[in-house]
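Let me begin by presenting the structure, written as structure tokens, before commenting on it.
Order of the sequence lines sets the chain letters (A, B, ...), proteins ahead of strands, with each chain counted from 1.
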Amino acid sequence: MRTSLACAVATILFAAPAFAQPASHVPPGEEAVDPYAVSDANAGAAPVGGQELFAAFHGHEGISRIVDDLVEQVQKDPRLTEIFKASDFVRLRRTLKEQFCYILNGGCSYTGRDMKSVHADHGVITAEFNALVELLQAAMAREGVAFSAQNRLLAKLAPMKRETVTR
Amino acid sequence: MSRLGAACLALVMWTPLAAHAQEDAPARDIETGGKLKLTRGISTIEGQGGGGLTPWALITGNETDRGVGGAAHVTAVELPDYTFLSYGVALGLFDRVELSYTRQEFDTRDVGAALGLGRGFTFGQDVWGAKMRVIGDAIYDQDTWLPQVAIGANWKKNDQGAVVSAVGGTDDQGWETYATATKILLDSSLLLNGTLRWTNANQTGLLGYGGNLNDDHELMGEFSAGWLLSPDLVVGAEYRMKPDNLAIANEDDWVDIYAAWAINHQVTLTGAYVDLGSIATFDNQRGVYLSLQAGF
């Protein structure tokens, strides 16, 4: 509650046109976040080349199903309860879909924050990072993404451990 | 194979302990568990985390940088003229340091009688090992070519000093050091490993250390590759160069093809077809390798 109040105050403070950032409007169903500079570079990895991997993930629909499945499993997993306790799952789903779509060269823009600031206060440990990897692997498998294609996405996500795991 | 039975029993008893340790993890200051499946490696015949015949830079146990883990293994290799058995335990500390103890037994079966040692004469040795990860991360550093590198040392003591001398071996105990580098190329679902071992062990030390042809430590290359087929399954091959120090018998390099299956986070089953070449004048020692590893 205190967080959303602070966010509301921040939103009001920064709502003046002089301070407006490209993503300062709050999509329906999401909580407001402090303004930040929107950039594809925030996705934390450059897109793969070609369209083949995007197709292997069954395009936008496939990515959408994988992320919905992943976020649902995240909410059920006791290993991740603490980390995602204060998360805005509506926003998480949207930004994750954007991030995966951007990295898989699906032609999306990533409008979320960078990996370092998103995870700065979460105190993520390696075991939690790995737990999320396992849930993502399972979600990709349920979508029918070939294991070799799964690994090509994981190869892009793996170095993000350096910025997300902080203790 | 009563020793194998006892070792298997020990392993089975270890498994519930291991599972229990993991369940208790959240309540402890020192954590257990957290590694991705198969990323602790299996246990080599000398007890290190690695492949089957050659160590990897990966540290054994399921622990991360915040905890401790461990693994126990039983490995049997059935060859035309010999039966090789290895069993041991290893501890992984903070995904950084690995300490291991392994017992090796090499049953000469009918060869023992032919060589005048007695049927079923068994060479045995104890292998104490330590390994430390020095740089890199095989799994997460996917944006660089830098592999995970570890250095290690083994101290080995053979039980059969008199026979070792009789076959021309210089010592019944010895040490070896090694550096090993592991890289997982997730982009192509491959694991590559290279090891340089500084050793004078004859048939890993089962026939002693140094010999009438050469006493000195030499640098031996060992290579392995794995193809990741699923989070639970890797198949691949290994090659291990070996010294050739004894006049009495030619010693060959070792090669194998393997499949390792992580049944769950605790138990990994590995099967391989190994070609150990000529051992104590008996050629073409090709056979089946089976290994069960349980860890936490």
Side-chain angles (χ1 to χ4, degrees), chain A residues 41 43-50 52-53 56 73 77-83 85 103-105 115 119 123-142 144-167, chain B residues 21-40 59 61-69 92 94-96 133 136-146 148 183-191 226-235 262 264-265 296:
Chain A
V48 297
E52 166 206 355
L53 197 57
Q73 298 308 317
D77 195 314
R79 294 173 297 180
L80 296 170
T81 313
E82 277 299 308
I83 295 302
K85 199 163 56 181
I103 292 172
L104 295 171
N105 202 15
M115 293 303 102
H119 299 91
V124 178
I125 61 175
T126 304
E128 291 159 346
F129 187 91
N130 287 346
L132 190 66
V133 171
E134 287 180 356
L135 295 183
L136 175 57
Q137 285 180 315
M140 292 187 292
R142 279 191 290 270
V145 178
F147 186 63
S148 57
Q150 295 179 25
N151 285 341
R152 290 190 61 195
L153 176 62
L154 292 178
K156 289 286 189 178
L157 303 180
M160 295 178 190
K161 174 173 182 279
R162 288 196 287 266
E163 296 193 317
T164 55
V165 174
T166 53
R167 68 187 178 102
Chain B
Q22 189 147 23
E23 280 160 21
D24 280 357
R28 295 185 181 181
D29 290 329
I30 301 232
E31 297 166 7
T32 56
K35 263 198 194 119
L36 292 167
K37 267 188 232 169
L38 285 174
T39 61
R40 66 167 187 245
I59 301 295
N62 284 344
E63 87 287 357
T64 66
D65 52 343
R66 296 169 57 87
V68 297
F94 307 101
D95 200 21
R96 174 66 60 185
R133 176 155 77 97
D137 193 305
I139 299 141
Y140 305 106
D141 287 351
Q142 292 296 319
D143 51 354
T144 150
W145 277 96
L146 187 73
Q148 178 165 327
K183 186 75 192 175
I184 294 174
L185 301 169
L186 263 185
D187 207 31
S188 30
S189 298
L190 286 177
L191 179 150
W227 184 25
L228 314 172
L229 295 178
S230 83
D232 315 320
L233 188 63
V234 56
V235 297
N264 53 39
H265 274 285
F296 68 93

Check: Among B/Arg133, B/Arg66, B/Arg40, whose salt bridge (charged side-chain N to carboxylate O under 4.0 Å, His left out) with B/Asp95 holds?
Finding: B/Arg133

Item checked: Residue B/Leu229 versus chain A: region with a heavy atom under 4.5 Å -> backbone

Item checked: Option from B/Asn264, B/Val234, B/Asp232 for which side chain to side chain contact (heavy atoms under 4.5 Å, CB included) with B/Lys37 holds -> B/Asp232

Margin query: For A/Arg162 and B/Asp141: C-alpha separation, side-chain torsions, deciding distance, then whether salt bridge (Lys or Arg N to Asp or Glu O under 4.0 Å) applies.
Written below: CA-CA 9 Å; A/Arg162 288 196 287 266; B/Asp141 287 351; 2.9 Å; yes

Checklist line | Per-residue contact mode, B/Ser189 against chain A (heavy atom under 4.5 angstrom) | finding: both

Check: Side chain, backbone, both or neither: which part of A/Arg167 has a heavy atom under 4.5 Å from chain B?
Finding: both

Notebook entry, point to check: Heavy-atom distance under 4.5 Å to chain A: side chain of B/Leu228, backbone, both or neither?
Noted result: both

Margin query: Under the criterion side-chain contact (heavy atoms from CB on, under 4.5 Å), I'd like the reasoning laid out for B/Trp145 against B/Leu185: C-alpha separation, chi angles, the key distance, then a yes or no.
Written below: CA-CA 9 Å; B/Trp145 277 96; B/Leu185 301 169; 4.1 Å; yes

Check: Under the criterion side chain to side chain contact (heavy atoms under 4.5 Å, CB included), which of A/Leu53, A/Ile103, A/Leu104 is the partner of A/Arg152?
Finding: A/Leu53

Next item on the list: Give the member of A/Thr126, A/Asn151, A/Ile125 that has the highest number of heavy-atom pairs under 4.5 Å with chain B.
Entry: A/Asn151

